[in-house]
Chemist: 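Sharing a structure below in structure tokens format, with a few things to ask.
For the single chain, residues carry numbers from 1 onward in sequence order. Being a predicted model, the structure only gives us computed values, none of them experimental. Because only heavy atoms are used, hydrogens play no part in the values below, and waters and symmetry mates are left out as well, while side chains stay in.
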Amino acid sequence: MRKLFTIFWLVWTAAAAVQAQSNDNARITGNLQTNANFFIRDSAIGAANTPQYDNQKFGAESWLNLNYSNWGFDVGVRFDLFNNSNLLNPTSSYSGEGIGRWFVKKSIGPLDVEGGYLYDQIGSGIIFRAYEERALMIDNALYGVKAAWNINENWRVRGFTGRMKQQFDTYGAVIRGGAVDGFIRPDTAGKITLAPGFGVVARTYSDQTIEDIVNTIATYPPQDSIGAQYNTYAFSLYNTLSMGAFTWFVEGAYKTKDVMFDPFEPTADGGTGQLVNREGYTIYSSLSYGAPKIGVTIEAKRTDDFSFRNTPFLTNNPVQGPINFLPPIARQNTFRLPARFAPATQELGEQGVQVDLRYKPSKKWEVGLNVSEIQRLNGDELYREIAPEVAYKKDRKWQLLVGMQFLHYNMAVYQGKTDPEDPEDVIPWVGTGEQDYVDAYTPYAEWLYKFTPKKSLRLEAQYLLTDDEFGSWINALAEVGLAPHWLFYVSDMYKIKKGEDTNADPRYDGLHYPSLGVVYTLKATRVSFAYVKQVEGINCAGGICRLEPTFSGFRLNLNTSF
């Protein structure tokens with residue numbers, strides 16, 4: 001059946017291409033993204049003991065999109081290919097190919113209808129978000145139908161139902177939901193606007209999932225019996241208020257009882273980790289102020305038991321199975337060493353606040369400060385980052401950015417690591433000691449010099465100073481740009497040898513992690529090829545983070561649009 005469907009789409013696409021040649025209203029667009037990894041085993045840095053390093057030596061991912069518009073229809077199809085890929089699970093190999101997405105969309109007066117693999121969200125995504133993030137192999141599309149009725153130019157109601165995608169299949173849970181979104185101008189001058197909304201999502205576990213839950217809790221002692229139900233409902237109320245230079249977004253969400261896996265729930269045998277059945281809620285707010293010389297953004301969030309998934313048995317894989325998306329409460333660092341310790345969102349419980357301040361006293365100077373604080377609901381510290389920055393721009397010739405990161409990071413919670421000198425510390429969540437934290441200080445700088453409008457040199461330097469985890473690191477990068485086509489870069493990350501006054505893990509002492517690459521751009525096509533050695537660490541995309549192992553080898557990337 002899948003082969004017949006593939007053949008149908010290929011024939012249809014070819015016919016559409018022919019039709020487009022003779023119809024001025026027809027439009028065909030598309031894009032191709034391909035990643036190829038050539039793995040070179042290097043046991044000294046830990047690049048070993050996975051199928052790619054030991055046997056396969058090669059892995060690839062590719063996505064080809066084709067979109068066709070005509071007669072008021074929007075139709076699209078995407079072919080996905082994975083060969084020995086480590087995106088699904090960084091320590092194993094996955095291969096598969098087929099139609100990764102198709103959709104048909106049509107507007108009929110005030111009614112919009114769509115079927116196939118759909119991307120959408122309610123509010124900020126706290127109760128529902130169907131989206132794609134290829135860097136982590138997230139493709140949480142809803143395979144179903146959606147209809148939206150535009151009541152007028154300011155109010156819209158929509159509903160959907162289906163099952164969420166799982167690679168080339170779907171999860172068993174049935175999802176349905178809807179939302180009402182509006183826009184209000186209380187004053188005739190339009191200086192104050194409101195954008196309120198309300199959404200609801202329901203999930204019904206499949207019979208197989210319920211059977212697995214019942215079989216699991218049957219092994220628990222009577223005092224740990226939790227019960228189970230097929231249906232869970234999530235509700236969300238949100239609004240964006242704009243008033244002059246101020247913008248305030250707030251969203252509150254509640255979830256009825258839901259069977260989830262809690263890795264820190266005490267068990268009868270003295271361990272941790274078992275299914276629970278609890279209600280949950282999340283409150284998120286963002287307040288922004290923007291003026292010609294100053295900008296301020298304040299974010300706050302509190303989450304309690306808001307894991308909302310297609311199955312409770314995939315909790316150990318943070319990128320597989322979620323129905324919703326919880327906004328991160330820490331900034332996304334772009335430099336390599338400040339980004340080494342990123343805080344993954346804690347679905348079962350966290351509270352945090354982030355303040356970002358930007359001040360530009362003149363055209364040449366800009367000062368920034370970002371402060372993040374994340375805690376467990378009982379007040380235990382999870383993450384703290386203080387990052388001041390100063391930027392100076394000398395006409396159009398050169399510019400300099402200098403910053404500093406002060407970091408306090410719970411390694412036990414975010415990466416499951418505890419002090420190697422304290423093997424008895426097997427339950428780091430309870431009574432966490434300082435040995436499970438990383439305290440790091442990371443100065444960094446970036447200098448960009450333009451020889452001509454088409455020739456530039458960019459330099460980066462960072463120094464991560466810590467006595468924790470693997471210890472201190474240095475990273476440097478040089479990049480030469482020859483616009484509009486060429487970009488060359490070379491970088492090296494070096495592990496400083498362990499001193500006598502540090503408790504850092506001695507692995508990788510004195511080792512280099514070099515990268516050397518070239519990028520070629522021609523109109524809408526971009527090709528890059530690089531030799532890369534990359535240390536184990538956190539990889540984040542769109543606020544979703546996961547721990548990835550060391551990489552050693554060559555990487556080839558191709559992106560093109562047409």
Side-chain angles (χ1 to χ4, degrees), residues 2 33-63 78-101 131-141 164-172 208-209 212 216 261 263 273 307 309-322 340 342 344-345 347 411 413-417 470 507-508 513 530-542 544-557:
R2 187 172 294 276
Q33 177 182 345
T34 297
N35 306 323
N37 296 313
F38 304 86
F39 296 87
I40 301 176
R41 182 183 175 93
D42 188 345
S43 57
I45 66 171
N49 303 320
T50 67
Q52 290 86 352
Y53 289 114
D54 293 347
N55 305 307
Q56 297 165 349
K57 307 300 182 184
F58 175 78
E61 304 91 29
S62 189
W63 300 264
R78 190 186 73 214
F79 177 77
D80 296 355
L81 178 143
F82 304 96
N83 285 342
N84 304 331
S85 173
N86 62 351
L87 281 183
L88 183 63
N89 186 334
T91 60
S92 67
S93 179
Y94 171 73
S95 293
E97 58 281 318
I99 299 297
R101 186 195 183 203
Y131 70 108
E132 181 186 17
E133 193 63 70
R134 293 179 185 175
L136 297 179
M137 201 173 170
I138 296 175
D139 191 359
N140 293 336
M164 301 195 80
K165 181 182 178 186
Q166 185 183 24
Q167 286 76 64
F168 295 102
D169 202 346
T170 58
Y171 291 99
Q208 183 60 55
T209 299
D212 293 340
T216 299
F261 180 78
S307 176
R309 292 176 172 267
N310 287 278
T311 168
F313 298 105
L314 282 176
T315 308
N316 290 333
N317 191 332
V319 303
Q320 297 298 315
R340 260 194 64 73
T345 299
E347 299 174 331
M411 179 67 70
V413 171
Y414 291 120
Q415 298 188 19
K417 297 179 180 178
F470 295 140
R507 286 179 293 171
Y508 318 138
Y513 292 80
Y531 170 73
V532 178
K533 281 193 176 184
Q534 186 171 300
V535 71
E536 169 191 303
I538 291 290
N539 180 26
C540 293
I544 307 297
C545 304
R546 71 175 180 185
L547 180 66
E548 292 192 350
T550 299
F551 178 81
S552 172
F554 291 92
R555 283 178 170 165
L556 174 66
N557 303 104

Chemist: Residues in side chain to side chain contact (heavy atoms under 4.5 Å, CB included) with Thr550, at least two apart?
Modeler: Ile45, Ala47, Tyr513, Glu536

Chemist: I'd like to know if the side chain of Lys165 reaches the main chain of Arg101, judged simply by a donor and an acceptor atom lying under 3.5 Å from each other, with no hydrogens or angles considered.
Modeler: no

Chemist: Going by side-chain hydrogen bond (donor to acceptor under 3.5 Å, both in side chains), name the residues that satisfy it together with Ser92, two or more places apart in sequence or in a different chain.
Modeler: none

Chemist: By side-chain hydrogen bond (donor to acceptor under 3.5 Å, both in side chains), which residues pair with Asn35, not counting sequence neighbours?
Modeler: Asn557

Chemist: Taking all non-hydrogen atoms of both residues, which atom of Phe38 and which atom of Leu556 are closest, and how far apart?
Modeler: CE1-CB, 4.4 Å

Chemist: Can you tell me how far apart CD1 (Ile138) and CG (Leu88) are? Round to the nearest 0.5 Å.
Modeler: 11.0 Å

Chemist: Would you please name every residue forming a salt bridge (charged side-chain N to carboxylate O under 4.0 Å, His left out) with Arg78, sequence neighbours left out?
Modeler: Asp80, Glu132, Asp139

Chemist: Of the non-hydrogen atoms in Gly321 and Tyr171, which two are nearest, and what is the gap between them?
Modeler: N-OH, 3.1 Å

Chemist: What pairs with Ile40 under side chain to side chain contact (heavy atoms under 4.5 Å, CB included), at least two apart in sequence or on another chain?
Modeler: Tyr531, Ser552, Phe554

Chemist: Between atom OH of Tyr94 and atom CG of Asn86, what is the distance when rounded to the nearest 0.5 Å?
Modeler: 13.5 Å

Chemist: With sequence neighbours excluded, tell me which residues meet side chain to side chain contact (heavy atoms under 4.5 Å, CB included) with Ser93.
Modeler: Pro51, Gln52, Gln56, Asn84

Chemist: Under the salt bridge (charged side-chain N to carboxylate O under 4.0 Å, His left out) definition, can you give me all pairs with a residue in residues 37-46, not counting sequence neighbours?
Modeler: Arg41-Asp54, Asp42-Lys533

Chemist: Does Phe551 have any ring-ring contact (aromatic ring centres under 6.0 Å, His included) partners at least two apart in sequence or in another chain, and if so, which?
Modeler: Phe39

Chemist: Could you report the tightest heavy-atom contact between Asn37 and Arg555, atom names first, then the distance?
Modeler: OD1-CG, 3.1 Å

Chemist: Which heavy-atom pair separates Phe313 from Asp212 by the least distance, and what is that distance?
Modeler: CE1-CB, 3.6 Å

Chemist: For Tyr414 and Ala344, work out which heavy atoms get closest and say how close.
Modeler: CE2-O, 3.2 Å

Chemist: Going through the checks in order, is the side-chain contact (heavy atoms from CB on, under 4.5 Å) test met by Gln167 and Gln320?
Modeler: CA-CA 10 Å; Gln167 286 76 64; Gln320 297 298 315; 3.1 Å; yes

Chemist: For Ser85, check side chain to side chain contact (heavy atoms under 4.5 Å, CB included) against everything at least two apart and list the hits.
Modeler: Glu61, Phe82, Leu87

